[in-house]
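Taking it in order: structure first as structure tokens, then the write-up.
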Amino acid sequence: MINAKTKLYALIGKPVEHSLSPAIHNPLFKKYNINSVYLAFEVDDLEIAIEGVRGLKISGLNITLPYKEKILPFLDELSEEAEAIGSVNTVINRKGKLIGYNTDGIGALRALERFTNVKDKRVLILGAGGAGKAIAYTLSKLAEVVVLNRTERKAKALERFGVKGEKLNKENLSRYLTWAEIVINATSVGMNEDKSVVPEEFLRKGLVVFDIVYSPLETKLLREAKQRECLTIDGLWMLVYQGAESFRLWTGIKANIEFMRKKALEALEGGSI
Ligand code: NAP
């Protein structure tokens, strides 16, 4: 029941109307008897929005495009990974102090670990945008990582994490897909379109193929990877694991992943995207 003690958590971004997060976090609050609600706010002026968060004592935030990097100067403290990555997707309001975290990397790692062992594996990440960067940082601590990105400079910039960064082109794709044991699509290619960044003929049996795009749930990359007998992992797993990590940071509760995935699937099928 919503009453005078109800706490507010919010998503800040633009656009936000297709986000699955409210459909995941509100059922979680209910399941664990937490008197809180989660709302999505489309924000035009980030500075004013953050003043509002402080003024209204909003308990926690998720941050999505285009504010994951822009929010940094407005926060009081950053976790180690948020500082290293330079991007925040989760904020805790601890007695008026806004602390930024990034749960994308750990979300991707947990999704992978559900299906395969990651330690010391050879991992190819395609994409060095916000998500690619976070995944590269987290995986660089336990695996051998190469990042390919359309804009080469952004891949090279990730070499500060001890990974190798090169241009995303057919030649490098062919070379590194022969080398890799795990490939992760962290580009937006395939999002609401039937396109893949990986030519089908480069996919071989036994390769682990993880696409962080979750709409459609089965992207062209995953469809072709299945046909070629790869082990496939869809982006909804990352979405729920990164959300579970945000939920843990806010509440201290380790949320039930199957329950979260069920709620996310219902929202996805119900047309939230
Ligand atoms: P972003 O910061 O905008 O980065 C987009 C990335 O895609 C960049 O690496 C960009 O390369 C690349 N790209 C875009 N169009 C391309 C093309 N035609 N060919 C090759 N590369 C292309 O976005 P993001 O936040 O990293 O998100 C990327 C995707 O992951 C989105 O679809 C998003 O929905 C999804 N995502 C999923 C989760 C999850 O939990 N499952 C979490 C976060 C994001 P350039 O640098 O060259 O532009």
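First listed ligand is number 1; within each ligand, the first listed atom is number 1.
The protein atom (non-hydrogen) at minimum distance from atom 33 (C) of ligand 1 is M191 SD, 4.8 Å. For atom 45 (P) of ligand 1, the closest non-hydrogen atom of the protein is T151 OG1, 3.4 Å. Nearest protein neighbour of atom 31 (C) of ligand 1, counting heavy atoms only, is S188 CB, 3.9 Å. The nearest heavy-atom contact from the protein to atom 6 (C) of ligand 1 is T187 CA, 3.9 Å. The protein non-hydrogen atom at the shortest distance from atom 48 (O) of ligand 1 is R150 NH2, 2.9 Å. Shortest contact from atom 27 (O) of ligand 1 to any protein heavy atom: A131 CB, 4.2 Å. When hydrogens are left out, the protein atom nearest atom 35 (C) of ligand 1 is I212 CD1, 3.9 Å; that is the closest non-hydrogen contact. Nearest protein heavy-atom neighbour of atom 28 (C) of ligand 1: A186 O, 3.7 Å.
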Check your understanding: Step by step, would you call T6 with N35 a side-chain hydrogen bond (donor to acceptor under 3.5 Å, both in side chains)?
Key -> CA-CA 5 Å; T6 304; N35 187 0; 2.8 Å; yes
Pair E245, Y101 - check side-chain hydrogen bond (donor to acceptor under 3.5 Å, both in side chains), show working. CA-CA 10 Å; E245 186 60 16; Y101 296 82; over 6 Å; no
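More than 12 heavy atoms of other residues, nucleotides or ligands lie within 6.0 Å of CD in E201, so this atom counts as buried by the packing criterion.
Here A128 has backbone heavy atoms under 4.0 Å from ligand 1, and that is the only part of it that gets that close. Looking at M238 against ligand 1, both its backbone and its side chain come within 4.0 Å, counting heavy atoms.
Atom 3 (O) of ligand 1 is not flagged as protein-proximal [any protein heavy atom, distance under 4.0 Å].
For ligand 1, none of its N or O atoms has an N or O atom of V197 under 3.5 Å away.
Distances from atom 46 (O) of ligand 1 to the heavy atoms of K133, K154, H18 put K154 nearest. Atom 19 (N) of ligand 1 has its nearest heavy-atom neighbour, among V213, V189, D234, N169, in V189.
A salt bridge is defined here as a Lys NZ or Arg NE, NH1 or NH2 lying under 4.0 Å from an Asp or Glu carboxylate O, and E224 with K220 meets this definition.
When ring centroids are compared, F161 and Y137 come within the 6.0 Å threshold.
No side-chain heavy atom of K205 sits less than 4.5 Å from a side-chain heavy atom of R228. Looking at I184 and I135, their side chains come closer than 4.5 Å, going by heavy atoms from C-beta outward.
Judged purely by atom type and a 3.5 angstrom limit, E83 has no side-chain atom pairing as donor or acceptor with the backbone of L78.
Against a heavy-atom cut-off of under 4.0 Å, G127 is close to the following atoms of ligand 1: 9 (O).
Scanning for side chain to side chain donor-acceptor pair (under 3.5 Å) contacts around E113 gives R110, with sequence neighbours left out.
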